[in-house]
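The model shown is predicted, which means the values in this text are computed figures rather than measured ones.
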Amino acid sequence: MTRFAFDIHATDGRARTGRITMKRGEIRTPAFMPVGTAATVKAMKPQDVRATGADIILGNTYHLMLRPGAERVARLGGLHKFMNWDRPILTDSGGYQVMSLSDLRKITEEGVTFASHLDGSRHLLTPERSMEIQRLLGSDIVMAFDECPKIDQGRDVIARSMEMSMRWAKRSREGFDAGGDHADSAALFGIQQGALDEDLRRSSAQALTEIGFDGYAIGGLAVGEGQEAMFATLEFAPGQLPADRPRYLMGVGKPDDLVGAVERGVDMFDCVLPTRSGRNGQAFTWNGPVNMRNARHAEDTAALDDRCPCPTCQTYSRAYLHHLIKSGEMLGAMLLTEHNLTFYQQLMQAMRDAIMEERFAAFARSFRASYQRSG
């Protein structure tokens, strides 16, 4: 069985559609990965996540290493068995969460020392330890350990951070390769850094390519720079990475972000937005986001989105969803999460179809025109 292969089936402009093949299954690209931070996609059963069309989910190294602990997950048979998900799982390296602690961590060349947000206990996360944790979890796609600096830092700070991340990338590669059977069955992705700077990102891409990875992520975006700046960076960043490997934009994003990023050559995405928004009463539809708390939905018997095949849209009215959300009933969060994840997967399928049929530019124009209407 193939450890890792990426085949591009069609291109349309810079947009690509294809397939990643791994031992636990195929991943259609462009792909959206629902976020299962703590071994669960919040408010969803694993089989229901799969039913939305998801081929792969994301797990979080930082949260799982603190609770229940990577060693415990390994003793219990690995993350797939633990959470009853038998398809590919990508795990992030823990770097982003650790960096976001800011006041609770210290960065050195060795790694990052930080205090747990749960109980204040001290931990050291290094490239080697990150690889070990992801190996213990049984991750299918392992992410290299990197630093994600704040976007508003000076160029010198961004450059030093990027260069250290590239040294950590090499250590991640060596740590992953020492992983025995896991290294023979899993894949390792490197992460490009450099904030919004084209030259720094080029240097980062060159360093990563020299090390050699199965796929390449674009890190350091979706951290407050805004869509315009992100798209400006995506005009050059994906093209700096090897064309024959998947390109993964980390932490993105809103539906119109996904369309714009696919236009610019990105293949993979993850974001908490569809699940978090579902828990907070916001639904994504082909006509734009809808706030189900609004009183105008109170007696609306229409479906949430008449183009959506999900059980929520096929079964329940906007009036009932509004009632659940206003009442704080957990079923409201469950139904909106199911809808949002289905919508995201439907959007990915629509993009894959449009690329295959060489009509992606027209699809993107039509999508933006509809999505910007008030839902």
Side-chain angles (χ1 to χ4, degrees), residues 1-6 19-27 31 33-40 46 54-98 110-112 123-146 165-191 208 211-217 219 242 245-246 248 250 268 270:
M1 190 68 184
T2 304
R3 179 188 66 86
F4 185 89
F6 178 51
R19 177 180 60 210
I20 295 169
T21 304
M22 302 193 72
K23 292 186 175 182
R24 284 195 172 96
E26 295 181 345
I27 304 158
M33 300 180 281
V35 175
T37 299
T40 173
D55 294 332
I56 177 173
I57 62 171
L58 180 144
N60 188 280
T61 289
Y62 167 80
H63 288 280
L64 292 169
M65 70 178 277
L66 295 179
R67 184 173 57 194
E71 283 78 8
R72 175 173 290 170
V73 173
R75 289 193 298 271
L76 294 169
L79 185 56
H80 296 79
K81 182 178 180 182
F82 185 52
M83 67 177 295
N84 192 33
W85 175 264
D86 62 1
R87 295 189 59 79
I89 297 175
L90 180 149
T91 48
D92 62 15
S93 69
Y96 178 79
Q97 281 73 25
V98 168
E110 183 185 8
V112 185
H123 301 266
L124 172 64
L125 194 55
T126 65
E128 294 78 11
R129 176 59 177 157
S130 176
M131 296 303 100
E132 181 185 25
I133 292 168
Q134 294 180 76
R135 181 165 61 248
L136 288 165
L137 296 174
S139 171
D140 299 287
I141 299 180
V142 172
M143 298 306 299
F145 187 64
D146 66 334
S165 285
M166 296 308 98
R167 294 191 293 274
W168 285 359
K170 189 171 190 304
R171 288 167 56 190
S172 295
R173 174 85 261 180
E174 292 166 353
F176 176 88
D177 289 344
D181 291 344
H182 181 248
D184 293 335
S185 62
L188 179 66
F189 281 25
I191 305 175
L208 293 172
I211 297 168
F213 292 91
D214 296 297
Y216 296 85
R245 301 299 170 104
Y248 163 30
M250 305 181 77
M268 299 172 67
D270 80 278

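- Remark: Tyr248 pairs with no residue by the ring-ring contact (aromatic ring centres under 6.0 Å, His included) rule, at least two apart or across chains.
- Distance alone, capped at 3.5 Å, is enough to place a donor-acceptor pair between the Asp214 side chain and the Leu188 backbone.
- Judged by distance alone, the side chain of Arg87 and the main-chain N or O of Glu26 form a donor-acceptor pair under 3.5 Å.
- The CG atom of Leu79 lies 5.5 Å from the CG atom of Leu137; values are rounded to the nearest 0.5 Å.
- Between atom CG of residue Asp92 and atom CD1 of residue Ile141 there is a gap of 12.5 Å, rounded to the nearest 0.5 Å.
- At most 12 non-hydrogen atoms from other residues, nucleotides or ligands lie less than 6.0 angstrom from CZ of Arg67.
- Between the CD1 atom of Ile211 and the OG atom of Ser172 there is a distance of 8.5 Å, given to the nearest 0.5 Å.
- Taking CG of Leu58 as the start and OG1 of Thr91 as the end, the distance is 7.5 Å to the nearest 0.5 Å.
- When atom types are taken as modelled, the side chain of Arg245 and the backbone of Tyr216 share no donor-acceptor pair closer than 3.5 angstrom.
- A donor-acceptor pair under 3.5 Å is formed between the side chain of Arg173 and the backbone N or O of Gly212.
- Counting non-hydrogen atoms of neighbouring residues, nucleotides and ligands closer than 6.0 angstrom, the OH atom of Tyr96 reaches no more than 12 such neighbours.
- Taken to the nearest 0.5 Å, the CG atom of Asp177 stands 10.5 Å off from the CE atom of Met131.
- Formation of a donor-acceptor pair under 3.5 Å by the Ser139 side chain with backbone atoms of Gln134 is not found in this model.
- Here the side chains of Phe4 and Pro88 are not in contact, with every heavy-atom distance at 4.5 Å or above.
- With a 4.5 Å cut-off on side-chain heavy atoms, Ile57 and Met83 count as touching.
- Of all heavy-atom pairs spanning Thr21 and Arg19, the tightest one is OG1-NE, 3.7 Å.
- Side-chain contact between Phe189 and Pro246: present, with at least one pair of heavy atoms (C-beta onward) separated by less than 4.5 Å.
- Atom NZ of Lys23 has more than 12 heavy atoms from other residues, nucleotides or ligands within 6.0 Å.
- Thr61 places none of its side-chain heavy atoms less than 4.5 Å from the side chain of Met143.
- For Asp184, the CG atom sits in a packed shell: over 12 heavy atoms of surrounding residues, nucleotides or ligands are nearer than 6.0 Å.
- Looking at heavy atoms from C-beta onward, Ile191 lies out of side-chain contact with Ser165 at the 4.5 angstrom threshold.
- Using a 4.5 Å heavy-atom cutoff, the side chains of Leu208 and Met166 are in contact.
- Of the possible donor and acceptor atoms, one in the side chain of Arg3 sits under 3.5 Å from a partner among the backbone N and O of Ala186.
- For the atom pair CE (Met268) and CE (Met33), the distance works out to 4.0 Å, reported to the nearest 0.5 Å.
- Each salt bridge (charged side-chain N to carboxylate O under 4.0 Å, His left out) pair with one or both residues in residues 127-141, not counting sequence neighbours, appears once here: Arg24-Asp140, Glu71-Arg129, Glu128-Arg171, Arg129-Glu132.
- A 4.5 Å side-chain heavy-atom check between Leu90 and Ile56 finds at least one atom pair inside the cut-off.
- For Trp168, the ring-ring contact (aromatic ring centres under 6.0 Å, His included) partners are Phe145, not counting sequence neighbours.
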